[in-house]
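Since the model is a prediction, treat every value here as computed from it, not as a measurement. Worth knowing before you read on, the calculation uses all heavy atoms, side chains too, and leaves out hydrogens, waters and symmetry mates.
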Amino acid sequence: MGKRKPNGASSIYFGKDGKWHGRVTVGVKDDGKPDRRHIERKTEAEVIKAVRELERQRDGGNVRKAGQRWTVEKWLNHWIENIAVPPAIRESTHSGYKVDVTKHLIPGIGAHRLDKLQPEHLEKLYAKMQRSGSSAGTAHHVHRTIRAALNEAVRRGHLSKNPATLAKAPVLSDEEIEPYDVDEIRRLLKAAEELPRNSARWGIALALGLRQGEALGLRWENVDLDKGTLRVRRSRQRPKYAHGCGDKPCGRKPGFCPKREQINQATADTKSKAGRRTIGLPDELVDLLRKHKAEQDKDREAARQLWQEGGWVFTTATGQPVSPYSDYHEWKALLKAAGLRDGRLHDARHTAATVLLILGVPERTVMSIMGWSTSGMAARYQHVTDGIRQNVARQVGGLIWE
């Protein structure tokens with residue numbers, strides 16, 4: 001048996017089993033004993049290469065932790081149930097991660113050993129998802145989720161490097177967003193006047209650009225109609241429910257259980273620190289909110305003992321906060337009633353940002369109103385409309401052909 005030591009912490013030898021072996025000391029275990037790793041290969045060249053690679057990982061502080069051999073499925077389940085959970089992350093972020101993990105990642109790559117996962121496995125998964133009908137945006141979201149989960153595995157020593165950082169992310173096409181112009185905004189607000197309640201909701205969306213959760217999370221204590229200001233502090237969350245039917249299951253999904261119980265808070269912190277902001281209200285919007293408040297008082301009187309007081313600015317007929325699901329469908333109905341093209345609810349936010357561009361509002365002020373943390377968001381949300389193009393054309397023409 002030949003045996004030699006390339007350095008004081010490693011050894012290579014030919015065993016009685018006819019194979020080459022290597023031992024590398026990579027550190028100290030939790031109990032204080034040396035952490036020695038054993039390598040077995042068919043040839044001396046292969047074992048030397050493997051020993052050198054392990055030494056390189058040791059010297060770089062990237063050696064995988066000894067102990068449990070994780071599969072991708074086990075690690076993702078552990079990560080989503082114990083690490084990436086509120087309050088460390090937002091409730092909505094956790095929900096998005098969980099869908100990616102259970103619907104795409106575990107069925108697609110869950111059987112792989114964590115330390116054997118390769119970038120090519122991920123790229124094949126993204127391609128398969130898109131062939132099966134998923135959008136590039138969905139595949140890209142899955143990519144961000146697995147990248148976050150594996151970053152944590154690297155940080156905790158279960159992986160030496162993250163294959164998701166090497167994998168090619170799905171290419172997102174730049175979607176052309178066409179904000180509503182001023183005439184279309186007026187038509188939307190006119191159609192909103194015919195709604196049985198919460199017409200001011202759409203004035204706030206189109207004039208101030210509040211995110212859906214921010215608008216639905218407003219309480220009257222956040223609104224000062226005398227000073228004409230509105231403070232954004234919390235954001236409405238999508239409700240999550242559990243069964244409340246006890247020993248006699250209703251056989252329905254939790255959200256449709258007759259005795260369902262909401263298990264998450266109605267609101268959460270805003271999306272970012274910049275989201276906590278105070279905005280000035282146009283006089284017309286103050287008048288609209290005063291009218292809305294009076295209409296809400298009538299709803300409270302009509303509901304009597306059924307009214308559930310929560311101080312919400314926008315409510316159902318019995319005082320409960322408006323569901324994001326219901327709010328989305330009301331937006332779609334409003335577009336139809338106004339005779340306008342279909343659009344996303346978030347397009348109202350793009351519209352408000354573009355109005356500020358038309359008015360020439362300074363970038364720093366726009367950031368404060370919109371709740372942006374970086375100036376780069378202006379490029380995403382502010383759009384050059386036909387009206388702006390025509391105005392610039394007139395200015396250029398007036399300058400050249402004076």
Side-chain angles (χ1 to χ4, degrees), residues 174-218 223 225 228 230 232 235-236 238 279-299 312-317 320-361 366 369-371 377-378 380-391:
D174 291 330
E175 186 179 356
E176 186 65 32
I177 296 170
E178 187 180 353
Y180 295 98
D181 61 31
V182 175
D183 178 61
E184 289 172 324
I185 293 172
R186 289 171 179 156
R187 287 166 63 185
L188 279 167
L189 294 178
K190 184 70 177 174
E193 292 176 3
E194 304 301 318
L195 295 173
R197 62 183 56 81
N198 297 327
S199 59
R201 153 77 178 104
W202 306 111
I204 281 181
L206 294 161
L208 305 182
L210 266 64
R211 300 175 179 91
Q212 182 192 42
E214 293 171 345
L216 300 184
L218 286 173
V223 182
L225 295 177
L230 177 151
V232 179
S235 183
R236 177 86 165 101
R238 293 184 180 276
I279 306 172
L281 297 173
D283 291 341
E284 293 78 5
L285 193 50
V286 170
D287 293 340
L288 197 59
L289 283 167
R290 289 190 191 279
K291 180 185 175 185
H292 167 67
K293 200 169 192 297
E295 290 171 347
Q296 191 179 86
D297 289 339
K298 291 180 182 177
D299 278 345
W312 304 102
V313 173
F314 302 115
T315 67
T316 65
Q320 295 169 302
V322 175
S323 157
Y325 179 82
S326 302
D327 184 67
Y328 166 81
H329 285 285
E330 189 158 289
W331 165 255
K332 292 294 187 179
L334 187 64
L335 289 173
K336 192 172 181 180
L340 298 179
R341 57 186 162 79
D342 190 31
R344 307 171 310 162
L345 175 52
H346 204 64
D347 288 350
R349 183 164 165 80
H350 285 261
T351 297
T354 303
V355 168
L356 297 175
L357 172 64
I358 293 170
L359 295 174
V361 177
V366 173
I369 293 171
M370 299 299 295
M377 297 299 289
R380 181 186 296 182
Y381 279 90
Q382 293 186 315
H383 307 275
V384 179
T385 62
D386 289 340
I388 295 174
R389 293 188 189 96
Q390 291 164 7
N391 186 43

**Message:** Parallel, tilted or perpendicular, judged at 30° and 60°: which one describes the rings of F314 and H292?
**Reply:** tilted
When rounded to the nearest 0.5 Å, the distance separating CG of L189 from CG of L206 is 5.5 Å
Practice problem: Determine yes or no for a side-chain-to-main-chain donor-acceptor pair under 3.5 angstrom, with R349 supplying the side chain and M370 the backbone. | Solution: yes
Taking side chain as C-beta onward, heavy atoms only, is E178 less than 4.5 Å from R341? yes
Closest heavy-atom pair, L281 versus V223, reported as atoms and distance to 0.1 Å, is CD1-CG1, 4.4 Å
Just by modelled atom types, is the G339 backbone N or O under 3.5 Å from a matching donor or acceptor in the R187 side chain?
yes
* Asked: Do the side chain of R236 and the main chain of P324 share a donor and acceptor less than 3.5 angstrom apart?
  -> no
Worked verdict on I177 versus H346 for side-chain contact (heavy atoms from CB on, under 4.5 Å) | CA-CA 10 Å; I177 296 170; H346 204 64; over 6 Å; no
* Asked: Any donor-acceptor pair under 3.5 Å linking the side chain of R290 with the backbone of L225?
  -> yes
In this structure, CD of E184 is separated from CG of L340 (nearest 0.5 Å) by 5.0 Å
For this session: Determine, for R186 against D183, whether the closest basic-nitrogen to carboxylate-oxygen distance falls under 4.0 angstrom.
Result: no
- Query: If we only count heavy atoms from C-beta on, is the Y180 to V355 side-chain gap below 4.5 Å?
  - Reply: no
Taken to the nearest 0.5 Å, the spacing of D327 CG from L334 CG works out to 10.5 Å
Heavy-atom nearest pair, T316 first then P321, reads CG2-O, 4.1 Å
Between the OG atom in S323 and the CD atom in E330, the distance rounded to the nearest 0.5 Å is 11.0 Å
Task: Donor-acceptor contact below 3.5 Å, side chain W312 vs main chain L216 - done: no
Note, Q296 side chain near R197 side chain (heavy atom, < 4.5 Å) = no
Counting only heavy atoms not in K332, do more than 12 fall under 6.0 Å of its NZ? yes
* To do: Evaluate the side-chain proximity of L289 to I204: yes if any heavy-atom separation is below 4.5 Å, no if none is.
  => yes
Could you tell me whether the side chain of L288 reaches within less than 4.5 Å of the side chain of W202, counting heavy atoms only? no
Closest heavy-atom pair, V361 versus V366, reported as atoms and distance to 0.1 Å, is O-CG2, 3.6 Å
- Output yes when a side-chain donor or acceptor of E194 lies under 3.5 Å from a complementary backbone atom of A191, and no otherwise. no
**Report entry** Side-chain touch S235/R211, heavy atoms, less than 4.5 angstrom
**Finding:** no
Check your understanding: Stepwise, does the side-chain contact (heavy atoms from CB on, under 4.5 Å) test hold for L195 with R201?
Key -> CA-CA 11 Å; L195 295 173; R201 153 77 178 104; over 6 Å; no
- Message: So L285 and L208, do their side chains get closer than 4.5 Å, heavy atoms only?
- Response: yes
Hey, does the side chain of D347 reach the backbone of H350 with a donor-acceptor pair shorter than 3.5 angstrom? no
